[in-house]
Amino acid sequence: MVKTVLDKGWLAARSTEVEINGVQLTTTQPPTQPLNSPWMEAAVPGTVLGTLLKNKLIPDPFYGLENESIIDIADSGREHYTFWFFTTFECKLSNNQHVDLNFRAINYSAEVYLNGHKEVLPKGMFRRHSIDITDILHPDGQNLLAVLVYPPDHPGRIPPEGGQGGDHEIAKDVAAQYVEGWDWMTPIRDRNTGIWDEVSITVTGPVKIVDPHLASSFFDGYKRIYLHSTVELVNKNALVAECSLNIQVSTELQDGTFLVEHLETQHVSISAGATIHYTFPQLYFYKPNLWWPNGMGKQHLYNVEITVNVKGYGESDTWSHHFGFRKIESHIDSATGGRLFKVNDQPIFIRGGNWILSDGLLRLSKERYKTDIRFHADMNFNMMRCWGGGLAERPEFYDYCDLYGLLVWQEFWITGDCDGRGDPVSNPDGPLDHDLFLLCARDTIKLLRNHPSLALWVGGNEQVPPPDINAALKNDLQLHPYYMNSNNSGTSTITPVIKDPSQYLDGTRVYVQGSMWDGFADGKGDFSDGPYEIQNPEDFFKHDYYQYGFNPEVGNVGMPVAATIRATMPPEGWQIPLFKKLSNGYIEEVPNPIWTYHKYIPYSKPEKVHDQILSYGKPKDLDDFCLKAQLVNYVQYRALLEGYTSQMWSKYTGVLIWKTQNPWTGLRGQFYDHLLDQTAGFYGCRSAAEPIHVQLNLATYSVEVVNTTSEELSNVAIEASVWDLEGECPYYKTSEKLTVPPKKAISTFEMKYPKSKNPKPVYFLLLKLYDVSDNRIYSRNFYWLHLTGGDYKLLEPFRERRPPLKITSLTFIKGSSYEMRMHIQNTSKKPDSNAPLYRNNFIRRNGSCDELDSSESFDLLDGEKHEISLYEKIRRNFSREHNKAKVSEVNGTGKGVAFFLHFSVHASKEENNKGEDTRILPVHYSDNYFSLVPGEVMTVTISFEVPPGVTPRVTLHGWNHHDVHTVL
């Protein structure tokens, strides 16, 4: 098969402004250059709104209040957002070749004209369309294509008060429901009308391969594994096709070569014009490498290639897909009532997040997906939930989840708010066309089922589908016996079954009818997820914080950094909230109207949580407010995950945070903003979700060790040191040697400093879990704490105590890719009486998601050599910029903790316009928003892509390093 993606050269025009029809457009009167109104350059894949924005015909709907100036489809009528899309392509066929025109998705329906011929693309946002255009192509190979795209049939109207899914009318169609707005999202004015996914032409011979299904079965403790595969074959010829059908399984070696592990050939005869389903004989593998989720092991992927050769023609079609051998099971845990997931027979404690989509205007790309998914892996998450009001995510999303080890919970397009449980109650029977919903669901299953990261299907968000749809999905997605909750992987013989696993529509992963049913929330569908606002950090650890075993949604704050506010809002949006004191002593935050429009969540909850930003002192301006918000973000999200993990298996089986990011410039529930800059909450999660982790239980002050891996942790100990604001260490303790069983959280000793004589009102606690034999670090965790009933206001004068720093950097460059190693040392003199593990020589963990893990030894201080293995790994991929490491020293005003340090990367410019955003984004940091006690050393890896012609500049900023220091 030869595939050509049609993603360039598209034009667009509003249908009401085009006076000719599709036949004329694709024969005698195509748009001509130079372009005349109404024609403009189009965004394909993309939406009408994306095209209008590309041509600057509308303001950026995600900036400030600009979305209010864009006419909504409810007021303009559907015809305003009904658009023509036009392009040309070259395709000239040889003898007995066939060509298909493919639309992987459009929204919502369309008419297609090719060289004067018309085809109709029926309704539905989540279905593929393929048109055989063999007989329509122009003999000279030059082809004219026009597509008239219609919006959803029921775009709805946005009530004055907004609401969850507007007036819910969009749920009558099979489409994304978030487009009418939510409590975290502004309405999308065109309801995402457009050719929003890939368009391609594919050329094959007489026989075409369609939707192969790959599955695997496991026996003898995963020593004996079989690959099952079924393929649909379509003979487009008027003659019987004698076929040689091949399946090849290979794996990529470290040097880039491929090792073929299996090659099987079968002979098949297909009648003229017929379609058949052919199942290969199962392929046997002895102890193949398994695919594991992030934090449990490596994500081994094999390449499966299926080829059909036709006698008298040769190779007719080929198909390939990465495939991972893994078995995913889940059941309702009797101890907790939560759904417990197992991968390859190993229980996995779920720590992840809810995902809406990458961008609200559907500006989707492989590059953006790669960053999105890697960010989730960087946070040590192991699951992403694709929420039912969003998308059936695209194959590229799943490709990166496969690569980085993120399990995916994929929901179908039902939400409680729009489908029978909202205010007002509407659409109790779901979408109007149930057959269309099921057609889209089945097509989505075929599109995604071969991805090892796909863990489960779920019928809807906070709702189950209508009974007939739910029953059909249960039937379609019934498990094959190999995947039912019996330990088949330990048996020695293959149990006779009626059908090969690959003959099922899926059969390898469970279907759950709704997000609050069957082991999620209360399991019965009551509204029992949440809460969604600021909390007292210690509450997350309390037994009565959440009643059920698996929380599918728990939300919190998400203020970005000040630079993002300035980049996404006009100056009137830079005003920080007013702090209104109530009669009960609590604070009510009153944000400016732009923040309200962008769905800001306050950092206080009157009658329950005192304002967490004010606990650091009243902010002076936007920069001060956002920096204090980052302190709160870090504390909130670390405590959330540590609280759940503290009760792993005894009370909980998993938690998913609502949400990990925003598909627009929203101000709630996010670990990185729409511009791809991380909040401090990102790194609070990264710390808390480590596979091996030391933590402080904020409710009991017990020091705990969490081991989520499958191996016992032995010969380890904990070092606990308390540091005051003067840089002294009034408390120091090392534990006895510990053994931590696999999949366990244990309590070790109580941190008694707050009960000691004359404890400081604000202090720092540094915990390190280390190997006793060589002092290598498994986990490091830094807290800032105050005594009960206190606050952090003493940190305000502490800003003036600036400890000296020494930063040693080494830079490697490959094209536009930068890889930097920053070695940061707090050169304050450490107390002689104690000997903390100040070098932070971390142990590298199996299956780390970092391309260059910061945990590897990288010593550049005092002339010491760095590890040869790391150097060789970097040298193979990057050229060295300098012969010597660069050293920067930051003078200090006194000893003490270097608190809340964070790097950022900027474009170097001789002159910057006032308020200009110079950040280079995205950037991957192995750690950020970190702190160093006197004498301590930390290595941070920074990687990023640099735009053409730009020289990067790396800066360091901190709580008590408030001047920006350029370190490179």
Side-chain angles (χ1 to χ4, degrees), residues 1-48 51 78-79 81-124 127-151 193-206 208 234 236-238 273:
M1 177 180 70
V2 178
K3 177 179 175 180
T4 303
V5 176
L6 305 181
D7 58 357
K8 296 179 177 64
W10 284 87
L11 306 176
R14 184 169 282 113
S15 64
T16 55
E17 298 175 4
V18 177
E19 296 178 352
I20 56 177
N21 59 36
V23 173
Q24 293 167 307
L25 272 175
T26 57
T27 52
T28 58
Q29 299 182 60
T32 57
Q33 296 288 351
L35 287 180
N36 296 313
S37 181
W39 292 98
M40 65 192 85
E41 294 183 2
V44 176
T47 64
V48 169
T51 288
R78 292 175 67 246
E79 63 279 358
Y81 288 112
T82 300
F83 263 61
W84 280 106
F85 293 89
F86 176 89
T87 192
T88 64
F89 64 89
E90 185 174 345
C91 183
K92 197 169 185 178
L93 299 182
S94 301
N95 189 40
N96 212 6
Q97 285 186 320
H98 297 260
V99 61
D100 289 322
L101 172 63
N102 310 293
F103 296 85
R104 207 165 63 182
I106 57 102
N107 189 29
Y108 183 63
S109 60
E111 298 171 10
V112 176
Y113 295 84
L114 178 63
N115 301 332
H117 296 261
K118 177 183 177 181
E119 295 283 343
V120 173
L121 300 188
K123 300 172 184 179
R127 63 186 297 183
R128 294 170 293 171
H129 306 272
S130 187
I131 305 169
D132 189 333
I133 59 172
T134 305
D135 298 331
I136 305 175
L137 294 179
H138 202 279
D140 67 3
Q142 303 299 318
N143 300 282
L144 306 181
L145 172 64
V147 185
L148 180 60
V149 181
Y150 296 95
T193 301
I195 306 173
W196 68 274
D197 200 4
E198 179 186 273
V199 185
S200 67
I201 54 171
T202 50
V203 179
T204 68
K208 176 185 176 182
V234 179
K236 295 190 170 188
N237 222 351

Enter the distance from [X]:[atom1] to [Y]:[atom2] here, rounded to the nearest 0.5 Å.
X    : Y    : atom1 : atom2 : result
E17  : F83  : CD    : CZ    : 7.0 Å
I195 : D7   : CD1   : CG    : 12.0 Å
Y113 : T26  : OH    : OG1   : 8.5 Å
I136 : K118 : CD1   : NZ    : 13.5 Å
F103 : L121 : CZ    : CG    : 5.5 Å
D135 : N115 : CG    : CG    : 12.0 Å

So with a 6.0 Å cut-off around [atom1] of [X], is the heavy-atom count from everything else above 12?
X    : atom1 : answer
K236 : NZ    : yes
E41  : CD    : no
E19  : CD    : no

Are [X] and [Y] packed together at the side-chain level, in the sense that at least one heavy-atom pair is separated by less than 4.5 angstrom?
X    : Y    : result
T82  : T193 : no
I20  : V18  : yes
W84  : S15  : yes
V199 : L101 : yes
V149 : V48  : no
F86  : L144 : yes
N36  : P31  : no
V147 : I106 : no

Are any side-chain N or O atoms of [X] and backbone N or O atoms of [Y], one a donor and one an acceptor, separated by less than 3.5 Å?
X    : Y    : answer
D100 : S130 : no
N143 : H138 : yes
R104 : D197 : no

Looking at every heavy atom in both [X] and [Y], which two are closest together, and how far apart are they?
X   : Y    : result
M40 : T51  : SD-CG2, 3.8 Å
Q97 : T134 : O-CG2, 3.6 Å
A13 : P38  : CB-O, 3.6 Å
H98 : P206 : CD2-CA, 3.8 Å
K92 : P139 : CE-O, 3.2 Å

> Pick from L35, V44, T88, T87: which one makes a side chain to side chain contact (heavy atoms under 4.5 Å, CB included) with L11?
Replying inline: L35

> Y150 and side-chain hydrogen bond (donor to acceptor under 3.5 Å, both in side chains): which partner among R78, E111, E79?
Replying inline: E111

>> Would T4 and C91 count as a side chain to side chain contact (heavy atoms under 4.5 Å, CB included) here? Give the steps.
In response: CA-CA 10 Å; T4 303; C91 183; over 6 Å; no

> Would you call the rings of F85 and W10 parallel, tilted or perpendicular, where under 30° means parallel and over 60° means perpendicular?
Replying inline: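 F85 vs W10 ring planes: perpendicular.
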
